[in-house]
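Worksheet for the structure shown next.
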Amino acid sequence: MNSDLHLLIVDDEPNMLATLQDILEEFGWHVDCATSGNEALDLLANLDVDFVLMDFNMPGLSGVETAEKMILERPHLPVFLMSADVSELWKAKAVQCGVRAVLSKPLDIPSAMALLTEHHKQGISI
């Protein structure tokens, strides 16, 4: 598919990370993974990524808090959150701080890939 796309996935559930990484790499995407907000911020300091796909609810820094820090440093970085259960209020807060979308878990992989690809085609990247 798009072997030039580089994605950072952040999730505190190792099985979710491994599954997403395997699927996206099978489609030719370059994927790096982090298991916490702090680890993601450390990785991002040394990576040029096209997108971040991050769990909403994580121990320590939440997805929204991490996204806020990422977007402050890289205002044009598309950050997408994913969650099985999040209130409309939190979704609104996420979008207000610059998150592009909140995707439902379990993640619909074809829809998520289409969304990321569309953002890339529109030139919305770092």
Side-chain angles (χ1 to χ4, degrees):
M1 185 182 234
N2 292 311
S3 60
D4 60 330
L5 292 180
H6 189 168
L7 179 67
L8 174 61
I9 303 173
V10 187
D11 200 310
D12 61 313
E13 295 178 31
N15 290 338
M16 173 64 96
L17 270 180
T19 300
L20 286 174
Q21 183 176 19
D22 287 348
I23 291 168
L24 294 171
E25 285 179 345
E26 188 174 308
F27 282 96
W29 294 34
H30 179 77
V31 179
D32 281 291
C33 297
T35 57
S36 71
N38 284 324
E39 183 183 358
L41 291 170
D42 288 345
L43 277 174
L44 195 62
N46 299 307
L47 292 176
D48 286 326
V49 299
D50 295 298
F51 307 100
V52 176
L53 182 60
M54 182 165 33
D55 190 19
F56 205 101
N57 297 310
M58 296 185 293
L61 285 177
S62 72
V64 173
E65 292 167 328
T66 305
E68 206 165 21
K69 290 176 183 288
M70 289 176 170
I71 294 166
L72 278 173
E73 289 191 23
R74 296 189 190 181
H76 301 292
L77 177 64
V79 178
F80 299 86
L81 295 180
M82 49 187 176
S83 178
D85 181 36
V86 69
S87 72
E88 292 303 314
L89 180 65
W90 275 105
K91 283 182 184 177
K93 178 170 175 39
V95 171
Q96 186 177 36
C97 81
V99 169
R100 301 293 169 97
V102 179
L103 309 174
S104 296
K105 274 185 172 180
L107 197 61
D108 178 340
I109 299 293
S111 295
M113 289 177 69
L115 179 67
L116 296 175
T117 301
E118 186 57 34
H119 269 77
H120 185 68
K121 283 181 185 175
Q122 292 174 9
I124 305 172
S125 189
I126 52 174

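Hydrogens, waters and symmetry mates are skipped; everything else that's a heavy atom, side chains included, is used. Model, not experiment: these values are computed from the prediction.
The shortest non-hydrogen separation linking L17 to A34 is CD1-O, 3.5 Å. For the pair V49 and L77, the tightest heavy-atom approach, listed with the atom from each and the gap, is O-CD1, 3.7 Å. Between L47 and R74, the closest heavy-atom pair is O-NH2, 2.7 Å. Minimum heavy-atom separation, G37 to M58: N-CE, 4.0 Å.
Taking CD of E73 as the start and CD1 of I71 as the end, the distance is 11.5 Å to the nearest 0.5 Å. Rounding to the nearest 0.5 Å gives a distance of 9.0 Å between CD of Q96 and CD of E68.
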Please assess V64 against L81 for the test side-chain contact (heavy atoms from CB on, under 4.5 Å), listing each intermediate value before the final yes or no. CA-CA 8 Å; V64 173; L81 295 180; 3.8 Å; yes

Start with the C-alpha distance between L103 and D108, add both sets of side-chain angles, then the distance that settles side-chain contact (heavy atoms from CB on, under 4.5 Å), and finish with yes or no. CA-CA 8 Å; L103 309 174; D108 178 340; over 6 Å; no

May I have the step-by-step check of side-chain contact (heavy atoms from CB on, under 4.5 Å) for L8 and V31, ending in yes or no? CA-CA 6 Å; L8 174 61; V31 179; over 6 Å; no

Apply side-chain contact (heavy atoms from CB on, under 4.5 Å) to V79 and M54, showing your working. CA-CA 8 Å; V79 178; M54 182 165 33; 3.9 Å; yes

Between H6 and D32, does the side-chain hydrogen bond (donor to acceptor under 3.5 Å, both in side chains) criterion hold? Intermediate values first, please. CA-CA 8 Å; H6 189 168; D32 281 291; 2.6 Å; yes

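The backbone N or O of T35 lies less than 3.5 Å from a partner atom in the side chain of E39, making a donor-acceptor pair. Here the side chain of E65 pairs a donor or acceptor atom with the backbone of S62 at under 3.5 angstrom. A donor-acceptor pair under 3.5 Å is absent between the side-chain atoms of R100 and the main chain of F51, judged by distance alone.
When the side chains of ILVMFWY residues are joined at heavy-atom separations under 4.5 Å, either directly or via intervening members, V95 and L53 end up in two distinct hydrophobic clusters.
Taking 4.5 Å as the limit, some side-chain heavy atom of L115 sits within range of a side-chain heavy atom of F80. Within the 4.5 Å cutoff, no side-chain heavy atoms of M82 are placed close to those of V102. Two residues are said to be in side-chain contact when any heavy atoms from C-beta on lie closer than 4.5 Å; V52 and L7 fail this criterion.
Screening N57, D11, D85 for a side chain to side chain donor-acceptor pair (under 3.5 Å) with K105, the sole residue that qualifies is D11.
F56 and W90 have perpendicular rings, their planes meeting at more than 60° on a 0 to 90° scale where under 30° would count as parallel.
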